[in-house]
**Q** 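Have a look at the structure that comes next, please.
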Amino acid sequence: KTIRENVSREESDRRKKMAMEVATPAPAPLTAPERNIVLVPSVKATAESHKKNRIQVSNTKKPLFFYVNLAKRYMQQHNEVELSALGMAITTVVTISEILKNNGLAIEKKVLTSTVGMKDETKGRMVQKAKASIVLGKSDKFDSLVPPVTNGKTPEEVAKAETDAAIEAQEEAAATEA
């Protein structure tokens, strides 16, 4: 009997509390003085909002030819690719672009340079970083030089497989020379 009384009392209290929450008006929002806030895009936010044909190049995360092969695959899918980099990785973007152009695969459509305000992790203050983007389009010879991909893999998977195969071939060649 006491358990039932406790349960029904708790249920009654819960219903009263819900009724009060519904009947009580929400407090008016507090108005704060206006402030100018500078938003700096985080790496995560930038990655989520990037275009489908943009490759953000790092000179430390992947080998150069990973990006070359990935750019080829992106050009197959989208007819153009945007190579983008910050700071020291800009030279890698230029190198990738030149490899694709010199092999007759791409034509340069646009080159964009700017500076981006970023928070320096070591010093904890805002610093300006150089940013470069190069937009490349398919050359007239592209489709005859690059075989189509029909195995259902993503461009990233294909680029990784091609890079791995190239590294393996280099290692085999080095082993046979020794």
Side-chain angles (χ1 to χ4, degrees), residues 38-123 125-178:
V38 177
L39 298 176
V40 178
S42 68
V43 173
K44 193 173 195 177
T46 305
E48 290 169 359
S49 66
H50 82 287
K51 291 186 219 172
K52 289 184 179 178
N53 65 333
R54 179 182 299 155
I55 300 172
Q56 293 178 313
V57 175
S58 164
N59 56 351
T60 58
K61 291 187 179 172
K62 300 276 184 190
L64 176 72
F65 275 90
F66 171 84
Y67 293 113
V68 172
N69 291 325
L70 185 59
K72 284 189 223 175
R73 299 302 167 210
Y74 274 35
M75 282 194 288
Q76 273 184 323
Q77 286 188 330
H78 305 285
N79 293 326
E80 70 176 28
V81 64
E82 180 180 340
L83 302 167
S84 175
L86 294 174
M88 301 301 285
I90 291 172
T91 55
T92 306
V93 163
V94 172
T95 304
I96 295 164
S97 171
E98 289 301 310
I99 289 169
L100 292 167
K101 290 189 314 184
N102 291 338
N103 287 329
L105 299 172
I107 56 167
E108 195 173 280
K109 287 188 161 185
K110 197 186 315 181
V111 177
L112 305 165
T113 61
S114 62
T115 54
V116 181
M118 300 185 85
K119 191 164 188 172
D120 188 323
E121 294 169 7
T122 57
K123 298 173 187 162
R125 61 185 169 100
M126 291 292 286
V127 293
Q128 294 292 313
K129 274 218 163 183
K131 178 181 178 180
S133 295
I134 301 175
V135 179
L136 300 173
K138 277 184 177 182
S139 71
D140 295 337
K141 298 185 272 180
F142 183 90
D143 291 322
S144 64
L145 294 171
V146 179
V149 179
T150 57
N151 57 6
K153 291 183 179 179
T154 66
E156 290 87 351
E157 292 169 336
V158 172
K160 183 175 181 344
E162 288 179 354
T163 302
D164 292 345
I167 291 170
E168 193 173 304
Q170 285 176 345
E171 289 172 351
E172 286 178 15
T176 56
E177 288 176 7

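One-based numbering along the sequence shown. These numbers come from the heavy atoms of this one structure, side chains and all, not from hydrogens, waters or symmetry mates.
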**Q** Of all heavy-atom pairs between V81 and M75, which one has the smallest distance, and what is that distance?
**A** CG1-CG, 3.7 Å
**Q** Any donor and acceptor pair, going by atom type alone, linking the side chain of T95 with main-chain N or O of T91 inside 3.5 Å?
**A** yes
**Q** Any idea which heavy atoms bring R73 and P147 closest together, and the distance?
**A** NH1-O, 3.6 Å
**Q** Report the C-alpha distance between E82 and Y74 in whole Å, list the side-chain angles of each, state the deciding distance to 0.1 Å, and finish with yes or no for side chain to side chain contact (heavy atoms under 4.5 Å, CB included).
**A** CA-CA 9 Å; E82 180 180 340; Y74 274 35; over 6 Å; no
**Q** For I99 and F65, run side chain to side chain contact (heavy atoms under 4.5 Å, CB included): C-alpha distance rounded to whole Å, both residues' side-chain angles, the deciding distance at 0.1 Å, then the answer.
**A** CA-CA 10 Å; I99 289 169; F65 275 90; 4.0 Å; yes
**Q** I need the single residue from K110, K138, K109 that forms a side-chain hydrogen bond (donor to acceptor under 3.5 Å, both in side chains) with E80. Which is it?
**A** K109
**Q** Drop me the distance from L105's CG to D143's CG, to the nearest 0.5 angstrom.
**A** 10.5 Å
**Q** Would you say CD of Q128 has more than 12 non-hydrogen atoms from neighbouring residues, nucleotides or ligands within 6.0 angstrom?
**A**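 Enclosed.
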**Q** Any side-chain heavy atom of N103 within less than 4.5 Å of one from L145?
**A** no
**Q** Just wondering, more than 12 heavy atoms not from N102 lying within 6.0 Å of its CG?
**A**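 Enclosed: over 12 neighbouring heavy atoms sit under 6.0 Å from CG of N102.
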**Q** Any sub-3.5 Å donor-acceptor pair from S139's side-chain atoms to G104's backbone N or O?
**A** yes
**Q** I'd like to know whether K72 forms a side chain to side chain contact (heavy atoms under 4.5 Å, CB included) with L100, so could you lay out the CA-CA distance, the side-chain angles of the two residues, the decisive distance to 0.1 Å, and finally the verdict.
**A** CA-CA 8 Å; K72 284 189 223 175; L100 292 167; 3.9 Å; yes
**Q** Taking the side chain from Y67 and the backbone from N59, do they hold a donor-acceptor pair closer than 3.5 Å?
**A** no
**Q** Distance check, rounded to the nearest 0.5 Å: N69 atom CG versus K160 atom NZ?
**A**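 Rounded to the nearest 0.5 Å, the CG-NZ separation comes out at 12.0 Å.
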**Q** Work out which heavy atom in L64 is nearest to a heavy atom in T92; give both atom names and the distance.
**A**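 Here L64 and T92 meet closest at CD1-CG2, 3.8 Å.
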**Q** Which heavy atom of V57 sits nearest to which heavy atom of A85, and what is that distance?
**A** O-CB, 3.8 Å
**Q** So how far is it from L83 CG to Q56 CD, rounded to the nearest 0.5 Å?
**A**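 Answer for the CG-CD pair, L83 versus Q56, is 11.0 Å.
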**Q** Could you state the interatomic distance from CD (Q77) to CG (N79), rounded to the nearest 0.5 Å?
**A**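 Between atom CD of Q77 and atom CG of N79 there are 10.5 Å.
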**Q** What distance do K129 atom NZ and I90 atom CD1 have between them, rounded to the nearest 0.5 Å?
**A**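 Between atom NZ of K129 and atom CD1 of I90 there are 9.5 Å.
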**Q** Measure the NZ-OG1 distance between K131 and T115 for me, rounded to the nearest 0.5 Å.
**A** 10.5 Å
**Q** Is the count of non-hydrogen atoms from other residues, nucleotides or ligands lying under 6.0 Å from K101 atom NZ greater than 12?
**A** yes
**Q** Would K62 and T163 count as a side chain to side chain contact (heavy atoms under 4.5 Å, CB included) here? Give the steps.
**A** CA-CA 10 Å; K62 300 276 184 190; T163 302; over 6 Å; no
